[in-house]
Amino acid sequence: MDADVSDSAGPPADPDRPDHSAGDEPADGAQDDSGAAPPEESGPAPHDGSPGAGATDSGGEDESHDEGEDDKDSQGEAGFRTWADRPGGTVPGHRRHWLRWTALAVSFLVLVAAGAGWWLYKKLDGNITTDTSAAAELKAYEQERPTPIARNAQNILLIGSDTRSGDNSRYGRDDGGSQRSDTTILLHLAADRRSATAVSIPRDLMAEIPSCHTADGKATKKQFAQFNWAFELGGTACTIRAVEKMTGVRVDHHMVIDFNGFKDMVDAVDGVEVCLKEPVDDADAHLKLPAGRQKLDGEQALGYVRARKSIGNGSDTERMDRQQKFLGALVNKMQSNGVLLNPTRLYPVLDAATKSLTTDPGLDSLRDLYDLVRGMRNVPTEQVQFLTVPRQPYRANPNRDELVQPDADQLFDRLRTDEPVAVVPADEVNGADTQADHRSDKHSSGQEPGGTSESPTPAPTYSGSNAAEDPCDS
């Protein structure tokens, strides 16, 4: 019984008692001089409770085994605080391995996405052609150009080139790559970016064209001629100077887009709807359509905006009205379908536009164009307005146009000072003149001479349209 007590767990035996029971040999020697119990006796008793287990003389190997077994039994499975503390545990290693690969995969995807985004950006950015020659020409004539008045407002000259060179040769005879301005629009963006006014300038309008330099450096003479001669003689710079002289409006930027760019933009938005009162069959415009509501693809849209003799009365005035309504429908399509706010849908539009776009150095990067588009995306479609300069048949040649004064100057003055301009359909404008509110017997404020009024000056009303109008309602 004494042996059982001495081998059990607990404090060392009483020093007054014998070190061991009679007849029992101590394991690995007796107690040391301090009287402390041997190390193996300070641990827990053998698990099976058999006497003499702690005093076996089987050697250190057996003692080490017993101690490990005792530790395992005393701590149990719950004694290890984490899986990582378990000897030989494999789950934490797998988890860390999986986390490392996940981080690597995510990092790789981020790098690929960043690389793809950078590649797309550089591709679009590289599509744009910079017109440095126009910038140099305009700089040479800086002193005669108008001074900007309305801060933060922008005036951009949009020129549709009908050059027949290259891919555009199918649309007409190639006169050695000569260029003409088929369509010219002065786009005014209000300083608060709550309205945009696009004013068409007829190509047949008689205007004063300044002395300009041709592509080979020769100077042309100043002349009173058909407006689109300016582009043919002296390119973009000559056209800008002619517009500034006519309107007094400082042109901040310009864009030139050719036929293929226009087609691709229409295709990029999946076509644009128009309404035809009569069937169209025009071989010159490559256009054959039935009457009624039609969804035009890029090729059809190009024929539609260029056709003259086969649609309407064949006049250039009617053609400009058709172009304005089509551009309004295109703007409405882009905004209503969320193209401007959806990068995946905006990219094809930008790609199509930039491929055939030539701009001044201030708009020759994708960032510049994005800032411009971002400034316009909040403009309500009903405030994106289209009109043509007040004009009438030229007295010396009814096949040409001339400005109606003072109506035209009053319009230009409002654009110059960033004042509002309102447009309504032609049949809603009073009187035979499409700009009846601007008769020469009225003051520029809209009041009769000598009249007084404390009410705000009403915005002048012109014949035109806006992007919110349904083309089939007119």
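- The main-chain N or O of Asn378 is never found under 3.5 Å from a side-chain atom of Arg193 such that the two would form a donor-acceptor pair.
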Open item on the list: If you apply the rule side chain to side chain contact (heavy atoms under 4.5 Å, CB included), what do you find for Asn399 with Asp204, and how did you get there?
Closed with: CA-CA 8 Å; Asn399 293 321; Asp204 295 335; over 6 Å; no

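- With sequence neighbours left out, the ring pair (Phe, Tyr, Trp, His ring centres under 6.0 Å) criterion links Phe262 to Phe326.
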- request: Show your reasoning for whether side chain to side chain contact (heavy atoms under 4.5 Å, CB included) applies to Val256 and Asp131.
  value: CA-CA 9 Å; Val256 180; Asp131 187 358; 5.6 Å; no

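- Results of the side-chain contact (heavy atoms from CB on, under 4.5 Å) test with Phe227 over Val243, Ile209, Asp401 single out Val243 as the only residue that passes.
- A donor-acceptor pair is defined here as one N or O able to donate and one able to accept, closer than 3.5 Å; such a pair exists between the side chain of Ser211 and the backbone of Thr220.
- Taking the salt bridge (charged side-chain N to carboxylate O under 4.0 Å, His left out) definition, one finds that Arg250 meets it with Glu142, sequence neighbours left out.
- Tested against Val199 for a side-chain contact (heavy atoms from CB on, under 4.5 Å), the candidates Leu415, Thr247, Ile185 yield a single pass: Leu415.
- Across Lys325, Lys333, Arg293, Lys295, a single residue satisfies salt bridge (charged side-chain N to carboxylate O under 4.0 Å, His left out) together with Glu273, and that is Arg293.
- Between the CD atom of Glu402 and the CG atom of Asn397 there is a distance of 10.5 Å, given to the nearest 0.5 Å.
- Side-chain contact check for Tyr304 versus Leu287: some heavy-atom pair is nearer than 4.5 Å.
- Side-chain atoms of Glu232 never come within 3.5 Å of backbone atoms of Asn228 as a donor-acceptor pair (strictly under, hydrogens ignored).
- Looking at heavy atoms from C-beta onward, Leu158 lies out of side-chain contact with Ile257 at the 4.5 angstrom threshold.
- In this structure, the side chains of Arg145 and Leu138 come closer than 4.5 Å at one or more pairs of heavy atoms.
- By the salt bridge (charged side-chain N to carboxylate O under 4.0 Å, His left out) test, Arg151 is found to be paired with no residue, residues two or more places apart in sequence or in another chain being considered.
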_side chain to side chain contact (heavy atoms under 4.5 Å, CB included) between Tyr462 and Thr388, intermediate numbers included_ = CA-CA 9 Å; Tyr462 294 87; Thr388 304; over 6 Å; no

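- Side-chain contact between Thr236 and Thr358: absent, with no pair of heavy atoms (C-beta onward) separated by less than 4.5 Å.
- The side-chain heavy atoms of Leu372 and Ile156, taken from C-beta on, include a pair separated by under 4.5 Å.
- By the 4.5 Å heavy-atom criterion applied to side chains, Ser200 and Pro202 are not counted as neighbours.
- More than 12 heavy atoms of other residues, nucleotides or ligands shown are found within 6.0 angstrom of CD on Glu382.
- Asn466 and Gln385 share no side-chain donor-acceptor pair at under 3.5 Å.
- For Asp413, the salt bridge (charged side-chain N to carboxylate O under 4.0 Å, His left out) test picks out Arg416, with sequence neighbours left out.
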Evaluation steps, side-chain hydrogen bond (donor to acceptor under 3.5 Å, both in side chains), between Gln383 and Arg194 = CA-CA 7 Å; Gln383 290 302 318; Arg194 298 302 299 169; over 6 Å; no

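- Looking only at distances, a side-chain donor or acceptor of Gln405 sits under 3.5 Å from a matching main-chain atom of Asp409.
- Asp267 pairs by the side-chain hydrogen bond (donor to acceptor under 3.5 Å, both in side chains) definition with nothing, not counting sequence neighbours.
- The NE2 atom of His253 sits 10.5 Å away from atom CG of Asp364, with the distance rounded to the nearest 0.5 Å.
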Quiz item: Can you list the steps and then say if Leu296 with Val272 is a side chain to side chain contact (heavy atoms under 4.5 Å, CB included)?
Solution: CA-CA 5 Å; Leu296 306 185; Val272 175; 5.7 Å; no

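- Proximity of a side-chain donor or acceptor of Asp360 to a complementary backbone N or O of His254 within less than 3.5 Å is detected.
- For the pair Leu357/Asn127, no side-chain contact is recorded, criterion being any heavy-atom separation below 4.5 Å from C-beta on.
- Listed for the Asp258 side chain is a donor-acceptor partner under 3.5 Å among the backbone atoms of Gly261.
- Side-chain atoms of His286 and Glu299 form no donor-acceptor pair, as typed in the model, at a separation below 3.5 Å.
- Every residue meeting the salt bridge (charged side-chain N to carboxylate O under 4.0 Å, His left out) condition with Glu208, not counting sequence neighbours, appears here in chain and number order: Lys222, Lys245.
- The main-chain N or O of Asp351 is found under 3.5 Å from a side-chain atom of Thr354 such that the two form a donor-acceptor pair.
- At least one side-chain heavy atom of Leu369 sits less than 4.5 Å from a side-chain heavy atom of Met255.
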